Chemist: 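Here it is, the structure in full.
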Amino acid sequence: MSVEQTGERGPVRGWVGGQGRAGERGRGPDDLLPLVAVGDHRAFEDLYGMVSGPVYGLVRRVLRDPAQSEEVAQETLLEVWRTAGRFDPRRGSALAWILTLAHRRAVDRVRSARSAADREARVGGQAEGPAFDQVAEAVEGRLEREWVRGCLTRLTELQRQSVTLAYYEGYSYREVAHRLAVPLGTVKTRMRDGLTRLRECLGAAV
Amino acid sequence: MTSNRPADRSTDRPSDRSGGAPAYRGGRGRKAHVLAGAYALNALDPKERRRYERHLARCPGCAQEVRDLAQGAVRLARAVAAPAPPQMRQRVLAAAQATPQEASSAADGGYAAPPARAAHAGRSGPGGRRARGGGYLRRPVFGLRLAGAVAALSLIAAAVLGVELVRTRDRLDQERGATRAVEQVLSAPDAHGVSGRDVQGRGINAVTSRRLGAAVVTVSGLPAPPDGRTYQLWMIDAAPEGSSEGSSGGAPEGSATPRSAGLLKGSGEGTSLVTGGFGAHTERLAVTLEPDGGSTRPTTNPVVQLALGDP
């Protein structure tokens, strides 16, 4: 399976800047994933270069523990290799799909860890902490972080907390409702509104 | 309390408490559903998620909204991107070399992602579904680069440990110790990777460090041993200096006494042994079938063997 074929596929949808930049061959995850799905190892290597940072960073944001994060990130990327054929571009970008796999694995792990007794102890108080300190050393994606940070401040407090507790801390919306002492329906709405506003704000950056 | 039923859109309502920020426009003109946000953030319980995915398959508007919202989640993820540990790269790439792919099923209606925990490096055996790309496994792996071989073994070892993980602390520590021992060999400056596979797919992979006097060995493709029999791994040293030079190629059987490197569990699939006593002159590894409990010397001809070559 040749990977070196000319890849004049044009600009990559939804993929700009930071470490997500498409490779010199001009291909992004959306181009590479279908190649991976047919067993193209070179494409997988390129894809790894593009997505390992976001995958690892996200997993570590949720899990905190570097060793566990590495394990989960590895499992995720191998799952990408294994199940690339399931990716359906009609349902979203390749990166979104990959990050969904990563997030689910991380969240599965953090939820089962939490249900083991330390539910309250582990998080008490830190849930509202800054979402970015953990990865401050990451040089890449700094601009991206600034944008997101800026956009997060434009959400209402409840929207921001609903979104970040779910995405960065791995809480289900029920848990978020419980922690914030608001009705379930309110949390669902805030999650949607918060993400919508975030996307609108961030859209300007793309 | 709002219903979780995906078809229930009665809970749709404009965002309140917007605090002077621009008005929410997300739901207008779409069949937006209030769960879309929670879904995009992966904040639904597994059961609700499955239900919502069934709903998405019937609700193009909702699917579109989820797609859009997911882009917001992607930005959240990219904002916390961090360089993956350097050693991860070769592990993942090499594990992919050894892992068959699933048959494509994007068209089968499964909405989003496959169930987590499905992927598993150590179980790339005959049971796995083999897809178009699966032919890679069949290929002889002699050409595998050193780094790749090293990493593959490392990941396989780690994954195997992961599966059998019983979450008690001491067991965990024990296993981490084993992983550490494996990693020590793999990261030795003189680590040397060799692997071979015969036409029937039976093979040995080894990473050796003569400096550490240790090797990490995995075998694959062996059938289950007959009752009362166990696979045993042997290290075979080169004939002593000065004796007839059969040094490489066709080294005669029994050029030196094989030394046991341990017993393999079952068919040896996924087993990884860190074996001490690996010497400067060890030139081959071999696996034989022995009576349960093992033998002090091989009693049968090797099922598979691997020449290690010079580091």
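Because the structure is predicted, anything quoted here is derived from the model rather than measured. By convention in this document, chain letters (A, B, ...) are assigned in the order of the sequence lines, proteins followed by strands, and residues within each chain are numbered from 1.
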Chemist: Would you compute the distance between atom OG of Ser52(A) and atom CZ of Arg89(B) and round it to the nearest 0.5 angstrom?
Modeler: 8.0 Å

Chemist: Can you name the closest pair of heavy atoms from Leu69(B) and Arg192(A) and give their distance?
Modeler: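 Here Leu69(B) and Arg192(A) meet closest at CD1-CG, 3.9 Å.
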
Chemist: To the nearest 0.5 Å, what is the distance between CG on Leu58(A) and CG on Leu76(B)?
Modeler: 9.0 Å

Chemist: Enter the distance from Leu99(A):CG to Arg78(B):CZ here, rounded to the nearest 0.5 Å.
Modeler: 9.0 Å

Chemist: Taking atom CZ of Arg75(B) and atom CG of Leu195(A), what is their separation to the nearest 0.5 Å?
Modeler: 12.5 Å

Chemist: State, to 0.1 Å, how close Met88(B) and Tyr56(A) come at their nearest heavy-atom pair, and which atoms those are.
Modeler: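 The pair with the smallest heavy-atom distance is SD-CD1, 4.5 Å.
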
Chemist: Over all heavy atoms of both residues, which pair between Arg111(A) and Ala43(B) is shortest? Give the atoms and the distance, please.
Modeler: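 Minimum heavy-atom contact is NH2-CA, 3.8 Å.
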
Chemist: Between Arg91(B) and Gln74(A), is any pair of side-chain heavy atoms under 4.5 Å apart?
Modeler: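 In contact.
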
Chemist: Measuring from Asn42(B):CG to Tyr167(A):OH, what's the distance to the nearest 0.5 Å?
Modeler: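 Going from CG on Asn42(B) over to OH on Tyr167(A), the span is 8.5 Å.
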
Chemist: Is there a side-chain contact between Arg174(A) and Asp45(B) in this structure, where contact means two heavy atoms from C-beta onward sitting under 4.5 Å apart?
Modeler: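 A side-chain contact exists here, since the closest heavy-atom pair is under 4.5 Å.
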
Chemist: Is there side-chain contact between Thr83(A) and Gln101(B), with heavy atoms separated by less than 4.5 Å?
Modeler: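 Side chain of Thr83(A) against side chain of Gln101(B), heavy atoms only: no contact under 4.5 Å found.
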
Chemist: Could you measure the distance from the OG atom of Ser172(A) to the CZ atom of Arg49(B)? Nearest 0.5 Å is fine.
Modeler: 11.5 Å

Chemist: Treating Arg67(B) as the side-chain partner and Arg90(A) as the backbone partner, does any N or O pair qualify as donor plus acceptor under 3.5 Å?
Modeler: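 Checking the backbone N and O of Arg90(A) against the side chain of Arg67(B), a donor-acceptor pair under 3.5 Å is found.
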
Chemist: Considering only heavy atoms from C-beta outward, does the side chain of Met191(A) approach that of Tyr39(B) to under 4.5 Å?
Modeler: no

